[in-house]
Amino acid sequence: QVHLAESGGGSVQAGGSLRLSCVVSSDVYFNHCMAWFRQAPGKEREAVGARDSSDFIVYVDSVKGRFTVSKDNNKNVLYLQMNSLEPEDTAMYYCAARKTWYCGPSPFSLDDYDFWGQGTQVTVSS
């Protein structure tokens with residue numbers, strides 16, 4: 001079993017930035033495919049970005065150029081740097097990990113992720 005703990009959420013104005021962190025309890029799963037997802041009220045959970053140990057990184061179109069997924073291998077922390085935030089980015093953000101090391105060919109498939117954190121809320125006001 002692996003424990004994922006997100007933090008860093010908060011309230012910001014449009015155009016602002018936040019950095020979310022996800023601490024991973026397992027060295028093994030930290031080096032597997034990991035991703036950030038988000039879920040807005042009344043909407044389905046959607047992917048934001050994913051990366052694996054081969055440095056394969058992919059983002060959904062709505063966040064390309066604004067969001068960056070990175071890792072601190074010394075601390076077992078997955079980050080989501082969010083810049084130029086928009087009200088549409090308001091959601092609960094979750095990190096997730098797979099039992100497999102690779103993310104492809106379906107990096108954004110929710111069913112392929114085995115472990116989830118509790119989420120951290122991001123609210124962007126206009």
Side-chain angles (χ1 to χ4, degrees):
Q1 189 70 17
V2 60
H3 181 64
L4 308 177
E6 303 96 335
S7 63
S11 298
V12 296
Q13 290 190 329
S17 298
L18 281 174
R19 189 178 75 163
L20 306 183
S21 300
C22 174
V23 178
V24 185
S25 64
S26 165
D27 289 345
V28 173
Y29 289 110
F30 182 70
N31 289 312
H32 285 196
C33 175
M34 294 196 65
W36 286 96
F37 290 81
R38 65 186 180 185
Q39 187 168 19
K43 295 187 177 181
E44 294 186 351
R45 191 169 298 189
E46 63 174 2
V48 173
R51 70 178 295 160
D52 61 29
S53 60
S54 70
D55 285 337
F56 164 85
I57 306 175
V58 62
Y59 301 95
V60 294
D61 288 344
S62 60
V63 307
K64 283 181 180 177
R66 301 190 298 123
F67 290 11
T68 302
V69 178
S70 63
K71 299 169 64 177
D72 185 329
N73 293 321
N74 293 323
K75 298 180 180 179
N76 279 14
V77 179
L78 182 76
Y79 296 106
L80 179 65
Q81 177 66 45
M82 305 185 294
N83 300 325
S84 301
L85 282 162
E86 303 168 353
E88 293 74 21
D89 296 317
T90 294
M92 185 72 79
Y93 282 72
Y94 301 89
C95 66
R98 288 185 179 181
K99 291 182 179 178
T100 58
W101 67 265
Y102 56 89
C103 286
S106 302
F108 298 150
S109 172
L110 274 73
D111 292 341
D112 290 342
Y113 286 85
D114 303 286
F115 307 103
W116 294 82
Q118 294 300 307
T120 185
Q121 178 67 38
V122 172
T123 303
V124 184
S125 58
S126 58

Evaluate the side chain to side chain contact (heavy atoms under 4.5 Å, CB included) criterion for residues L80 and T68: first the C-alpha distance (whole Å), next the side-chain angles of each, then the deciding distance (0.1 Å), finally the verdict. CA-CA 6 Å; L80 179 65; T68 302; over 6 Å; no
Nearest 0.5 angstrom please: M92 CE to T120 OG1, how far? 7.5 Å
Rounded to the nearest 0.5 Å, what separates atom CD in Q1 from atom CG in D114? 10.0 Å
Within the structure provided, determine whether Y113 and F37 are in side-chain contact (heavy-atom separation under 4.5 Å). yes
On the six-membered ring of Y93, is R38 placed so that its NZ or CZ lies under 6.0 angstrom from the centre and within 45° of the ring axis? no
Is Y29 linked to Y94 within one hydrophobic cluster, defined over Ile, Leu, Val, Met, Phe, Trp and Tyr using a side-chain heavy-atom separation of less than 4.5 Å? no
If hydrophobic clusters are built by linking Ile, Leu, Val, Met, Phe, Trp and Tyr wherever their side-chain heavy atoms come under 4.5 Å apart, do L110 and F108 end up in the same one? no
Looking only at heavy atoms, what is the nearest atom pair of F56 and G104, with distance? CE2-N, 4.5 Å
Less than 4.5 Å apart, side chain to side chain, heavy atoms only: is that true for H3 and V24? no
Heavy-atom closest contact (L78 atom, C95 atom, distance): CD2-CB, 4.5 Å
On a heavy-atom basis, the closest approach of D61 and K64 is OD1-NZ, 3.0 Å
Any donor-acceptor N/O pair, N76 side chain to D72 backbone, under 3.5 Å: no
Assigning hydrophobic clusters by single linkage (Ile, Leu, Val, Met, Phe, Trp, Tyr; side-chain heavy-atom cutoff under 4.5 Å), is V12 placed with W36? yes
Walk me through whether V124 and Q13 qualify under side chain to side chain contact (heavy atoms under 4.5 Å, CB included). CA-CA 5 Å; V124 184; Q13 290 190 329; over 6 Å; no
Are the side chain of R66 and the backbone N or O of S84 linked by a donor-acceptor pair below 3.5 Å? yes
I need the S26 OG to N31 CG distance, nearest 0.5 Å. 8.5 Å
How close do T90 and A40 get, heavy atom to heavy atom, and via which atoms? O-CB, 3.6 Å
Does Y102 share a hydrophobic cluster with Y59, counting links as ILVMFWY side-chain heavy atoms below 4.5 Å and allowing steps through other members? no
Is it true that the NZ or CZ of R45 lies under 6.0 Å from the centre of W116's six-membered ring and within 45 degrees of the ring axis? yes
Linking I/L/V/M/F/W/Y whenever their side-chain heavy atoms sit closer than 4.5 Å, directly or via other members, would V122 and V60 fall into one cluster? yes
Rounded distance [0.5 Å steps], CD in Q121 versus CD in E6: 12.0 Å
K71 vs V77 side-chain heavy atoms within contact, under 4.5 Å: no
Less than 4.5 Å apart, any side-chain heavy atom of M34 and any of L4? yes
Distance check, rounded to the nearest 0.5 Å: S62 atom OG versus E88 atom CD? 10.0 Å
Start with the C-alpha distance between R98 and D112, add both sets of side-chain angles, then the distance that settles salt bridge (Lys or Arg N to Asp or Glu O under 4.0 Å), and finish with yes or no. CA-CA 7 Å; R98 288 185 179 181; D112 290 342; 3.6 Å; yes
Check whether any side-chain heavy atom of S70 lies under 4.5 Å from a side-chain heavy atom of R51, and answer yes or no. yes
Between CD of Q81 and OG of S21, what distance do you get to the nearest 0.5 Å? 9.5 Å
Taking all non-hydrogen atoms of both residues into account, name the closest pair between A14 and S126 and its distance. CB-CA, 4.3 Å
Do S109 and D111 get their side chains close enough for a donor-acceptor pair, meaning under 3.5 Å? no
